[in-house]
Amino acid sequence: MKIRHLQLFTATLASAWMSTALAVDPWIVIGHKAPDTDSITAAIAVAQLKTRIGQAAIATAQGEPNAETHYVLETCGLKAPEVIRSVAGRQVFLVDHSDYPLAPDDMKKAELVGFVDHHKLGGLTSEKPVEVWAQPVGSSATVIARMYAAANQPVPKDIACGMLAAILSDTVVFKSPTTTPEDRATATKLAEIAGIQDMQALGIKMFEVKSDIKGTPVAKLLRQDLKDFDMNGKKVAVAQLEMMDLSALSLRKPELLQAMNEMKLSGYHSVLLMLTDIMKEGTELLVLSDDPARIQTAIKATLRDNAVWLPGVMSRKKQIIPDLEVAFKQ
């Protein structure tokens, strides 16, 4: 009888705690500026997991999904997160980034409660202990799969589909040097849950959608996947366009360089654009900089007419940013 009373008491306490947790303002789960598939689906996956285990949370984004992400959301049956611009006074859980330039502009007026990321640490600080999930893998989705496993929670079918798409996108269908055995294994498990038999076909379709740039203004193309960095006090932007065939951009390079110049004049030291050819597995890098020699030192190549072909270069975070950081510290 005492055991039965104890069980009832414990259940009542648990119910009361969960009700209280869900009654307070929910955590804001949000990805980086210029959100991509990994950023959007990570917010959805983490918000659902947190809510399921008793911490109310809502998925949000700092911008509308791009064409590839729209396709993924429709394919997986997921709803696009609410777009918000301010997080001041809220408790915030960041996904797919951990630095101020990519976070909401008023992030310093919010309370950081945690983050999940697969990039370099970017200087975030907090006044209280925070939940941290960070691993050197190809996608935030791979890390989030660990979160679900640690919480002993199954990944729902629709979210598994979105997380799989995020891994395929970030690893460029496993061609990127950022790909790890854990990314591959996680993708296989997520595909089983989502009922997707051909991961390769899904990945190729996603990049076909991403490569369709007809009618898209160059300014929008430049900002489609752009990240800002503070490199030793210098503001640097590195954008990337991943295409099935770069010939679609060959006639638009003068326009892209003009758009890059306009961005640079707004206060940037350097603006770089990676035009990545998925099939050829290389990148044509366009560069406008106050110090081109420093950029050439970082990439170990010579620019001609503000451009250079970099064979084998597919990853911004692993093959471009680390060397830039070193060069700007010298």
Side-chain angles (χ1 to χ4, degrees), residues 29-43 45-46 49 93-103 112 114-126 129-151 155 160 162-191 199 203 225-231 236 238-240 242 272 274 276 278 281 283 298-300 310 312-329:
V29 184
I30 194 165
H32 54 71
K33 292 183 172 75
D36 55 11
T37 297
D38 194 28
S39 177
I40 293 285
T41 58
V46 170
L49 174 61
F93 194 107
L94 299 176
V95 295
D96 200 27
H97 72 295
S98 60
D99 49 2
Y100 286 117
L102 299 178
L112 177 68
F115 68 85
V116 55
D117 195 18
H118 65 120
H119 302 90
K120 71 180 184 67
L121 296 178
L124 282 172
T125 60
S126 66
V130 299
E131 180 179 353
V132 176
W133 296 82
Q135 294 292 329
V137 292
S139 169
S140 295
T142 301
V143 186
I144 294 169
R146 287 190 180 192
M147 295 174 66
Y148 271 84
V155 181
M163 291 170 62
L164 169 63
I167 294 174
L168 294 173
S169 180
D170 267 21
T171 65
V172 194
V173 197
F174 309 124
K175 289 185 176 184
S176 172
T178 62
T179 307
T180 68
E182 186 176 357
D183 292 307
R184 293 179 181 274
T186 301
T188 299
K189 292 177 183 177
L190 292 170
M199 289 188 289
D225 185 6
L226 180 143
K227 293 185 177 180
D228 286 343
F229 300 91
D230 182 337
M231 297 191 178
V236 178
V238 183
Q240 185 172 23
E242 296 165 317
L272 287 71
M274 298 173 64
T276 301
I278 297 167
E281 298 188 26
T283 291
I299 63 176
K300 300 177 181 64
L310 302 175
V313 172
M314 305 281 283
S315 171
R316 173 173 46 198
K317 76 170 185 177
K318 189 169 185 176
Q319 295 173 293
I320 296 293
I321 300 304
D323 290 334
L324 282 176
E325 294 275 14
V326 171
F328 272 83
K329 288 177 182 176

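Looking at Asp183 and Thr186, their side chains never bring a donor and an acceptor atom within 3.5 Å of each other. Looking at Ser39 and Asp96, their side chains never bring a donor and an acceptor atom within 3.5 Å of each other. With no hydrogens or angles considered, no side-chain donor-acceptor pair links Gln135 and Trp133 at under 3.5 Å.
Looking only at side-chain heavy atoms (C-beta outward), Leu94 and Leu124 come within less than 4.5 Å of each other. Using a 4.5 Å cut-off on side-chain heavy atoms (C-beta onward), Ser98 and His119 make no contact. Put simply, the side chain of Leu324 reaches to within 4.5 Å of the side chain of Leu272, judged on heavy atoms. A heavy-atom distance below 4.5 Å is not found between the side chains of Lys227 and Val238.
Only one option out of Gln240, Arg316, Glu281 pairs with Thr276 in a side-chain hydrogen bond (donor to acceptor under 3.5 Å, both in side chains); it is Gln240.
With hydrogens and angles ignored, the 3.5 Å screen pairs no side-chain donor or acceptor of Ser176 with any backbone N or O of Thr179. Remark: side-chain polar atoms of Glu325 are not paired, donor with acceptor, to backbone N or O of Ile321 under 3.5 angstrom. Counting only distance, with no hydrogens or angles, the side chain of Asp228 and the backbone of Pro101 share no donor-acceptor pair below 3.5 Å. With hydrogens and angles ignored, the 3.5 Å screen pairs a side-chain donor or acceptor of Asp117 with a backbone N or O of His97.
Qualifying side-chain contact (heavy atoms from CB on, under 4.5 Å) partners for Asp323, counting only residues two or more places apart in sequence or in other chains: Ala298, Lys300. In this structure, the side-chain contact (heavy atoms from CB on, under 4.5 Å) partners of Val326, at least two apart in sequence or on a different chain, are Gln330. With sequence neighbours excluded, the residues satisfying side-chain contact (heavy atoms from CB on, under 4.5 Å) with Lys33 are Gln62, Asp105. Applying the ring-ring contact (aromatic ring centres under 6.0 Å, His included) test to Phe328 and every residue at least two apart in sequence or in another chain returns His269. Applying the side-chain contact (heavy atoms from CB on, under 4.5 Å) rule to Ala239 yields the partners Leu222, Leu226, Leu273; only residues at least two apart in sequence or on another chain are considered.
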Practice item. List the steps, then state whether side-chain hydrogen bond (donor to acceptor under 3.5 Å, both in side chains) holds for Lys317 with His118. Key: CA-CA 9 Å; Lys317 76 170 185 177; His118 65 120; 2.6 Å; yes

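Within 6.0 Å of NZ on Lys175 lie more than 12 heavy atoms contributed by other residues, nucleotides or ligands.
Screening residues 135-148 for salt bridge (Lys or Arg N to Asp or Glu O under 4.0 Å) gives Arg146-Glu182 as the qualifying pairs, with residues at least two apart or on separate chains.
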